Structure formats: structure tokens, C-alpha cells
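Inspection log for the structure reproduced underneath, given as C-alpha cells.
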Amino acid sequence: ELFDLHQQIVPLVDSWGWQKSIVERRKPLVGIDTDTDEDHSDTLIALQHPPVYTLGNGSSEKYLNFNIEDSPIESHRIDRAGEVTYHGPGQVFVSYFSWV
């Protein structure tokens, strides 16, 4: 399953919701015998975001170097490990999901 949107700028909240729905839809396939007729294909998403910072679960806002309440750029705390990551136009973001 390939979603090649690398030439489009997709807001983070839209793509994050989309990724979570793909995972929820495909979760029941994890651990299923691959000899069945179930679709076990992997999923690859390629896209760009408008300027945005993502913060992992345990990240510290001190790494933003600005007040998150008065942010010049959209910021979101999301369910992932790591600190702060910048995403923006021209930077292709790729998500890969393997189900088996």
C-alpha cells in the first residue's frame, strides 16, 4: 500500500490522524497466519508538512528555544519517542508500517 503524496503539503494533524486510523484498521492483522487470504501488505506514506514541530512523549519544551504558548510555528506533542523534530516544506516525511 503506497500513498505517494511527496509533492503535496499535508498538515500534521491530518496526516497524524490518517496514520493512526491506518494502524487501527490494520492492527488485527498482526500475528495472523500469512497463509490466509488476508491482506498483509505493508504501508508506505510519503508527504511534506507545512512548518511544524513535533515533540515526543518525554520531550522537553526547553529544546524549542521559544515559548510554546506563543509559538511562531505550530507545535504538537505526539505519541512517539524522541525529543523535538522540525518538519517543513521541501523535507519529505516517510512513514513505513510493516504488519507481519
Side-chain angles (χ1 to χ4, degrees):
E1 193 171 29
L2 171 63
F3 299 96
D4 185 1
L5 308 172
H6 77 277
Q7 293 184 347
Q8 297 181 37
I9 296 180
V10 180
L12 179 102
V13 292
D14 294 346
S15 66
W16 185 245
W18 184 31
Q19 289 175 60
K20 290 192 300 189
S21 70
I22 290 170
V23 169
E24 288 305 312
R25 178 173 49 92
R26 303 298 298 271
K27 253 187 200 178
L29 298 178
V30 175
I32 291 177
D33 183 356
T34 57
D35 292 333
T36 67
D37 290 336
E38 296 285 339
D39 178 9
H40 289 80
S41 59
D42 296 338
T43 303
L44 182 74
I45 303 171
L47 52 78
Q48 299 179 63
H49 293 303
V52 63
Y53 286 101
T54 58
L55 294 87
N57 290 328
S59 66
S60 173
E61 293 176 10
K62 71 180 181 182
Y63 294 111
L64 286 175
N65 296 320
F66 56 81
N67 181 344
I68 197 168
E69 300 300 322
D70 189 30
S71 176
I73 295 178
E74 193 174 314
S75 302
H76 296 277
R77 189 169 295 278
I78 61 173
D79 186 23
R80 66 159 176 81
E83 282 293 340
V84 176
T85 304
Y86 171 80
H87 307 277
Q91 177 190 41
V92 176
F93 178 79
V94 177
S95 289
Y96 172 73
F97 305 94
S98 180
W99 308 109
V100 290

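None of the values given here were measured: they were computed from a predicted structure.
Every pair tested for salt bridge (Lys or Arg N to Asp or Glu O under 4.0 Å) that includes a residue from residues 4-22 fails, sequence neighbours excluded, so the list is empty.
A continuous path of hydrophobic side-chain contacts links Phe66 to Tyr86 [ILVMFWY only; heavy atoms under 4.5 Å]. Follow the hydrophobic side-chain contacts under 4.5 Å out from Tyr53 and you never reach Val92; the two are in separate clusters. Linking Ile, Leu, Val, Met, Phe, Trp and Tyr residues whenever their side-chain heavy atoms come within less than 4.5 Å leaves Leu55 and Val13 in two separate clusters. If you chain together hydrophobic residues whose side chains sit under 4.5 Å apart, Leu5 and Ile9 never meet in one group.
Smallest separation of non-hydrogen atoms from Ser95 and Phe93: OG-CE2, 3.1 Å. In terms of heavy atoms, Ala46 sits closest to Val94 at CB-CG2, 4.2 Å.
Atom CG of Leu64 sits about 7.0 Å away from atom OG of Ser71, to the nearest 0.5 Å. Atom CD of Gln48 sits about 8.0 Å away from atom NE2 of His6, to the nearest 0.5 Å.
No donor-acceptor pair under 3.5 Å is formed between the side chain of Glu61 and the backbone N or O of Asn67. Checking side-chain atoms of His49 against main-chain N and O of Val10 turns up a donor-acceptor pair under 3.5 Å. Within the 3.5 Å criterion, the main-chain N or O of Ser59 finds no donor-acceptor partner in the side chain of Glu83. A donor-acceptor pair is defined here as one N or O able to donate and one able to accept, closer than 3.5 Å; no such pair exists between the side chain of Glu1 and the backbone of Asp42. At least one donor-acceptor pair under 3.5 Å links the side chain of Arg77 to the backbone N or O of Gly56.
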Check against side chain to side chain contact (heavy atoms under 4.5 Å, CB included), Ser15 and Leu47 | CA-CA 9 Å; Ser15 66; Leu47 52 78; 3.8 Å; yes
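Annotation for Val52: hydrophobic cluster partners, listed by chain and number, are Leu12, Trp16, Ile78 (ILVMFWY side-chain heavy atoms under 4.5 Å, direct or chained).
Under a cut-off of 6.0 angstrom, the local environment of CD in Gln91 is crowded, with over 12 non-hydrogen atoms contributed by other residues, nucleotides or ligands.
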